[in-house]
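Numbering of residues begins at 1 and proceeds along the displayed sequence.
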Amino acid sequence: MKSKINKAFVEHFGGEGTLFVAPGRFNLIGEHTDYNGGFVFPGAIDKAIMAEIRPNGTDRVKLYSIDLDASAEFGLNEEDAPKEQWARYVFGVCREIIKRGGKVEGFDAVFSGNVPLGAGLSSSAALESCFAFALNDLFNDNKFDRMELARIGQSTEHNYCGVNCGIMDQFASCHGKKDNLMRLDCRSGEFEYFPFKLDGYKLVLVDSRVKHELVDSPYNKRRESCERVARHLGVETLRDADMAMLEAAKGELSHEDCMRAKYVIEEKQRVLDVCDALLKGDYDTVGRCMYATHDGLSKDYEVSCEELDFLNDVARECGVTGSRIMGGGFGGCTVNLVKDDLYDNFIATVKARFNEKYGHEPQIYPVIVSDGARRCCSCEG
């Protein structure tokens with residue numbers, strides 16, 4: 001990837017710039033809890049967005065995306081927003097840094113990535129984190145800490161891309177640490193690293209390679225449901241609600257809002273249970289929590305789809321310790337905790353069964369936990 005970017009940079013802009021990289025992420029457990037003030041448990045992965053960037057001495061930003069074979073150019077004022085959706089991610093990062101009193105000048109950039117699109121691995125957060133880290137380094141003497149860089153990416157989604165997301169994806173991309181997962185308290189911003197070197201198990205993503213097109217924004221609708229219930233219960237977010245409170249208010253809430261809140265309240269506890277279980281090496285409890293999360297996302301939060309439920313069913317049949325939807329849902333991946341001696345059979349079975357039913361094999365991504373956003377060293381790419 002590095003040599004491909006170098007070559008394209010020379011072709012488009014001449015000379016060379018500085019290379020930066022930021023990873024996608026996976027989340028072991030804690031889905032749709034981040035915007036509800038709860039806990040998440042992500043890690044950075046070895047799939048990333050890489051960019052070569054060089055200040056150009058003007059007030060214009062010139063971008064080239066290798067993967068899209070597309071160029072864009074824009075200024076740095078609010079009215080200069082580019083029409084290309086992909087370029088708005090970079091424009092938003094520039095604007096959010098400027099809003100915070102930071103400095104951004106014109107630059108040339110070429111970027112590419114190997115974060116699978118539509119798989120729930122947060123390629124957009126990797127793009128935002130890569131450019132936020134780079135512009136902080138190149139123009140601001142790294143005055144913004146990593147949590148503020150994550151907030152810059154989150155605000156970009158809110159203000160320039162129309163997604164009212166939580167902080168998890170950008171947080172994980174900015175803070176990732178090799179061989180560690182992170183438990184993030186999405187309300188306080190406090191986080192803790194947990195060593196993650198599985199003994200006797202493998203973690204693997206099974207990508208359905210389907211993404212269902214949806215008429216409205218189900219992500220934003222789920223968030224609105226949660227916010228309605230929190231308001232009704234008199235709490236800031238569902239982090240402060242419990243099942244007894246929800247049960248008492250059931251008759252005054254819609255059935256749909258009750259289901260959404262039930263999932264979130266149960267999920268916040270599952271994250272804490274998984275953290276405790278991992279410290280004890282209790283993978284059976286981790287697996288049970290993962291299956292419970294899948295069931296909640298499928299039946300209560302209703303963000304699954306036929307293909308993801310099928311992958312989860314095959315995992316159960318193959319004796320996989322834990323399996324669940326990962327990401328926003330409606331397509332993408334399951335994340336699976338598999339005993340070493342069952343791994344090869346599970347991969348062969350899930351490929352064959354899925355291909356037989358849907359006409360194509362799922363993509364398999366073994367999880368390698370990686371470092372977060374950084375300047376690119378000479379050995380990368």
Side-chain angles (χ1 to χ4, degrees), residues 23-31 40-47 115-116 119-121 172 176 178-183 194-210 267 270-271 273-298 304-327 329 331-358 360-370:
R25 66 99 188 102
F26 87 103
N27 186 33
L28 186 65
I29 200 157
E31 214 67 73
V40 291
F41 201 45
I45 60 172
D46 64 332
K47 303 284 187 286
V115 184
L121 301 177
K178 185 175 171 57
D179 296 327
N180 283 261
L181 300 186
M182 300 159 281
R183 184 177 70 194
F194 281 72
F196 190 70
K197 288 187 176 179
L198 292 170
D199 183 18
Y201 290 80
K202 289 183 172 64
L203 202 62
V204 61
L205 305 178
V206 179
D207 181 4
S208 65
R209 294 168 56 205
V210 299
E267 181 74 349
R270 281 191 287 265
V271 179
D273 291 345
V274 163
C275 291
D276 291 342
L278 276 178
L279 290 174
K280 298 172 188 169
D282 179 5
Y283 298 121
D284 287 338
T285 294
V286 174
R288 280 197 298 274
C289 288
M290 291 172 72
Y291 279 119
T293 292
H294 183 92
D295 289 343
L297 286 168
S298 180
S304 188
C305 61
E306 179 188 327
E307 294 90 346
L308 289 172
D309 288 342
F310 181 79
L311 289 175
N312 187 257
D313 288 342
V314 173
R316 290 177 198 261
E317 292 165 19
C318 290
V320 169
T321 302
S323 176
R324 70 173 193 85
I325 306 166
M326 195 195 72
C333 286
T334 59
V335 55
N336 303 270
L337 179 65
V338 192
K339 285 182 178 175
D340 285 346
D341 58 354
L342 298 178
Y343 181 82
D344 289 344
N345 178 64
F346 169 58
I347 298 304
T349 302
V350 79
K351 281 183 172 183
R353 292 275 305 279
F354 196 86
N355 186 43
E356 181 184 346
K357 188 167 178 66
Y358 296 109
H360 67 270
E361 289 188 357
Q363 189 73 44
I364 306 300
Y365 300 112
V367 172
I368 300 172
V369 180
S370 173

Approximate separation, where rounding is to 0.5 Å, of Thr334 OG1 and Glu307 CD: 12.0 Å
Begin with the C-alpha distance, continue with both residues' side-chain angles, and end with the deciding distance and a verdict on side-chain contact (heavy atoms from CB on, under 4.5 Å) for Thr321 and Val286. CA-CA 8 Å; Thr321 302; Val286 174; over 6 Å; no
Please list all pairs passing the salt bridge (Lys or Arg N to Asp or Glu O under 4.0 Å) test where one or both residues lie in residues 276-294, with sequence neighbours left out. none
If we ignore hydrogens and angles and just use 3.5 Å, is the side chain of His360 paired with the main-chain N or O of Asn355 as donor and acceptor? no
Side chain to side chain contact (heavy atoms under 4.5 Å, CB included), paired with Ser208, selected from Tyr358, Phe310, Phe354: Phe354
Just how far is it from atom CG of Leu203 to atom CZ of Phe26, taken to the nearest 0.5 Å? 5.0 Å
Heavy-atom side-chain proximity of Leu297 to Ser304 below 4.5 angstrom: no
Could you walk me through whether Tyr365 and Val206 satisfy the side-chain contact (heavy atoms from CB on, under 4.5 Å) test, starting with their C-alpha distance in whole Å, then the side-chain angles of each, then the deciding distance to 0.1 Å, before giving a yes or no? CA-CA 6 Å; Tyr365 300 112; Val206 179; over 6 Å; no
Can you list everything that forms a side chain to side chain contact (heavy atoms under 4.5 Å, CB included) with Ala44? Sequence neighbours excluded, please. Pro23
Kindly state whether the ring of Tyr201 and the ring of Tyr343 have centres lying under 6.0 angstrom apart. no
Ser370: which residues meet the side-chain hydrogen bond (donor to acceptor under 3.5 Å, both in side chains) condition with it, sequence neighbours left out? none
Is there any salt bridge (Lys or Arg N to Asp or Glu O under 4.0 Å) pair reaching into residues 312-327, and which pairs are they, with sequence neighbours excluded? Glu31-Arg324, Asp295-Arg316, Glu317-Arg353
Just so I know, are the side chains of Tyr283 and Val274 near enough to count as touching, which here means a heavy-atom distance under 4.5 Å? no
Nearest 0.5 Å, what's the CG-CG distance between Leu311 and Asp207? 9.0 Å
Looking at every heavy atom in both Gly322 and Tyr291, which two are closest together, and how far apart are they? CA-CE1, 3.6 Å
Working note: Met290 + Val335, criterion side-chain contact (heavy atoms from CB on, under 4.5 Å); need CA distance, chi angles, decisive distance, verdict. CA-CA 9 Å; Met290 291 172 72; Val335 55; 4.1 Å; yes
Partners meeting side chain to side chain contact (heavy atoms under 4.5 Å, CB included) with Ile368 (sequence neighbours left out): Asp46
Check whether any side-chain heavy atom of Val204 lies under 4.5 Å from a side-chain heavy atom of Val367, and answer yes or no. no
Do Asn336 and Ser323 get their side chains close enough for a donor-acceptor pair, meaning under 3.5 Å? yes
Quick one: are Ile364 and Lys351 in side-chain contact, heavy atoms under 4.5 Å? yes
Close aromatic pair by centroid cut-off 6.0 Å: Phe41 and Phe194: yes
Please examine the side chains of Leu28 and Leu337, heavy atoms only from C-beta on, and report whether any two atoms are closer than 4.5 Å. no
Heavy atoms from other residues, nucleotides or ligands near CG of Asp341 exceed 12 (cutoff 6.0 Å): yes
Test your reading of the model: is there a side-chain donor-acceptor pair from Ser298 to the backbone of His294, 3.5 Å cut-off? no
Atom CG of Asn27 and atom CD1 of Ile45: how far apart are they, to the nearest 0.5 Å? 12.0 Å
CD1-SG distance between Ile325 and Cys333, expressed to the nearest 0.5 angstrom: 11.5 Å
Could you tell me whether the side chain of Arg209 and the main chain of Glu361 form a donor-acceptor pair under 3.5 Å? yes
Among Asp340, Val338, Asn345, side chain to side chain contact (heavy atoms under 4.5 Å, CB included) partner for Leu342: Val338
Looking at OG1 of Thr285 and CZ of Arg270, how far apart are the two atoms once the value is rounded to the nearest 0.5 Å? 13.5 Å
If you compare all heavy atoms of Ala172 against all heavy atoms of Arg25, which two are closest, and at what distance to 0.1 Å? CB-CB, 3.7 Å
Indicate yes or no: at least one non-hydrogen side-chain atom of Asp309 is less than 4.5 angstrom from one of Cys305. no
Pairing residues for Lys178 by the side chain to side chain contact (heavy atoms under 4.5 Å, CB included) criterion, not counting sequence neighbours: Asp371
